[in-house]
Each structure stands twice: as C-alpha cells, then as structure tokens.
J.: 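Handing you a structure now.
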Amino acid sequence: MSKIKIAELFYSIQGEGRYMGVPSIFLRTFGCNFKCQGFGMPRGELSTEADDLASVHELYPYPKYENLPLVTTGCDSYASWHPDFKELSPMMETSGIVNRIMEILPHRRWEDEHLVITGGEPLLGWQRAYPDLLDHPKMAGLKEITFETNGTQKLTPEFKESLIKWKITNHQLNRELTFSVSAKLPCSGEKWEEAILPEVVCEYEEVGTAYLKFVIATEQDFADAECAISAYRTAGFKGHIYLMPVGGVESVYSLNNKAVALIAMKHGLRYSDRLQVPLFKNEWGT
Ligand code: SF4
C-alpha cells in the first residue's frame, strides 16, 4: 500500500481554469520545488511572510491548517511545502485517503464531482503512489482528474503508462485527464530557466489535455507571459492559454482581476478567475 503526505483533503468548488464551478475533491500533497516569494511584491523583492509565520509557529505552534493565517504576498499555500509546517501534513495510506474522500463526497460515491490533485507540486514525489489511489475499487466511478502543476516535473514512464490505462479503463465513463499548468513567470520570484520548461509540458499533452495558466498583475508580467507562450508554442504546445490575476486575498485580487480580464480580452486569451477568493476568502480548506 502506497502512502502520500497530505497537506489538505477537502471538498469545494473548483475556482480556477477549465473546471471553474465544478464540485471537486481537492487532494493537496506536501512538497514543492519552488517558493514563489515574488507574488504580490515589487519586482526583484521577495516576500518573507511564510518564513515569518514559520518563526511564530516555532514558538506558538498552530495546531491545524484552519488556524494558519493567510498571506498577502508569496505562495498562498505556503504550508503545503514550507518544511517548518510539515508536521501538519500527515502521511496517509492510499486506502485511508479513499475512505476520507468517500466521507466528504455529497453522495458518498463519485457522481459528477472531479478530483483535483494539487500541491505544493503534486508531480514532484508522489507519482509512484497515484496508481494505487486511482485503481482503488471505490475510485472506479471517477470520471475527471486535474493535476494542478507548475509544469517542471517530467512524468515517469511507469506513471505515464498508468495514466493512459486509467483513461481507457471503464471507457463508457469517457474519462478526462487534465494538466492545469501554472507556469511561473519572473513575477513569482522563480528563475525563468527553472520554471519555463516547454518540453515537459508538451509531454503532458501525450496523455491528457494540458492548458497553461499564467498568474499576472501588470502589463510587464503579460510581456513575460507572451515570451513564455512563444516558447511553449515553438516547442509544439497546442493547449489553451489562461491569464489569472495575482491575489490570494481579496484586497490584492480585487486590485487586478478586472485589469487582467481586460488584458486577456485584448489579446484573445482566456481569463481564469480565482472564485475561491471572492466566494470563500481563500481560507484553508476551500
Ligand atoms: S509552485 Fe505553486 S505551490 Fe509551489 S511555491 Fe509556487 S505557488 Fe506555491
């Protein structure tokens, strides 16, 4: 039986991208190869909010995710990768994860809900465990999965094969596999050469539908997105492109959501909202 370190497992509405509005189970794995400390910061500056909260946590531990403060800058899911919060993420056997999913599904079985495997970076270390999870008999009715990834992790040959098999098993279900790739632009604080890896993302299109989602706030960010789009298209990427506003909290999101929607319209690209911010204030577990 495989195990996965689970930062969060909850039921909500997908707030972003292709499945916006679809009732979804979110499985948030622990661990990420990035920190994204540049989000919401002036260019060239890095947020220290996650590290500051880690110092507080060391002195006065937050007992659960629900107690953790939200941040206005940097990665809004910092506790899913920051090593100082790792004890809040239990290592769970896949059968335990499946049982918990059944408990929180409205009808105690899969119907029209979709599964979002997110992070952290969900393709970083857990690819070997997903086949056990997806092949569990109680997961047989699942029709749609999205991996929310930063697009830097290659699929192992074994995992790739298991995903192709998953899609065609129970073929009457018309299963759909999606990679929602939030490629990190310089405004994230990550380095271009480590974040923009078109050949990795093109490989996702061999097993499912992939789309790119660029988080931006300004025209300068969009200029970076255009360079990235050109690199992905040159490599052969065929999927849709979404622009999504920076902002894990309403005060930041509402500053730039309309401007980003207008940039998307001007350039004929898709706009992705982040419905979890206006609907649920982006609290943990939403
Ligand atoms: S890639 Fe995603 S989870 Fe990882 S640090 Fe960046 S925003 Fe956070």
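Counting starts at 1 for both ligands and their atoms, following the listed order. Just so you know, residue 1 is the first one in the sequence shown, and it goes up from there.
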J.: Quick one: which residue pairs count as a ring pair (Phe, Tyr, Trp, His ring centres under 6.0 Å) with a foot in residues 234-258, not counting sequence neighbours?
T.: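 Qualifying pairs, neighbours excluded: Y211-Y242.
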J.: Ring centroid separation for W284 and F85, is it under 6.0 angstrom?
T.: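 No, the ring centres sit 6.0 Å or more apart.
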J.: Under 2.8 Å from atom 4 (Fe) of ligand 1, which protein atoms of type N, O or S occur, listed by chain and number?
T.: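 Per the 2.8 Å query on atom 4 (Fe) of ligand 1, atoms found are C32 SG.
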J.: Is there any ring pair (Phe, Tyr, Trp, His ring centres under 6.0 Å) pair reaching into residues 91-127, and which pairs are they, with sequence neighbours excluded?
T.: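 Counting only pairs at least two positions apart or across chains, the ring pair (Phe, Tyr, Trp, His ring centres under 6.0 Å) contacts touching residues 91-127 are Y19-H114.
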J.: Please, which pairs that meet ring pair (Phe, Tyr, Trp, His ring centres under 6.0 Å) have at least one residue in residues 146-187, sequence neighbours excluded?
T.: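 Every pair satisfying ring pair (Phe, Tyr, Trp, His ring centres under 6.0 Å) with a residue in residues 146-187: Y130-F147, Y130-F159, F147-F159, F147-F179, F179-Y204.
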J.: Could you check L142, I25, L27 and say which one makes a side-chain contact (heavy atoms from CB on, under 4.5 Å) with I101?
T.: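 For I101, the side-chain contact (heavy atoms from CB on, under 4.5 Å) check succeeds only for I25.
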J.: With a 4.0 Å cut-off on heavy atoms, does K184 reach ligand 1?
T.: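 In this structure, K184 qualifies as a contact of ligand 1 - some heavy atom is under 4.0 Å.
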J.: State plainly whether the residues R233 and E226 are in salt-bridge range, i.e. N to O under 4.0 Å.
T.: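 Salt bridge: no.
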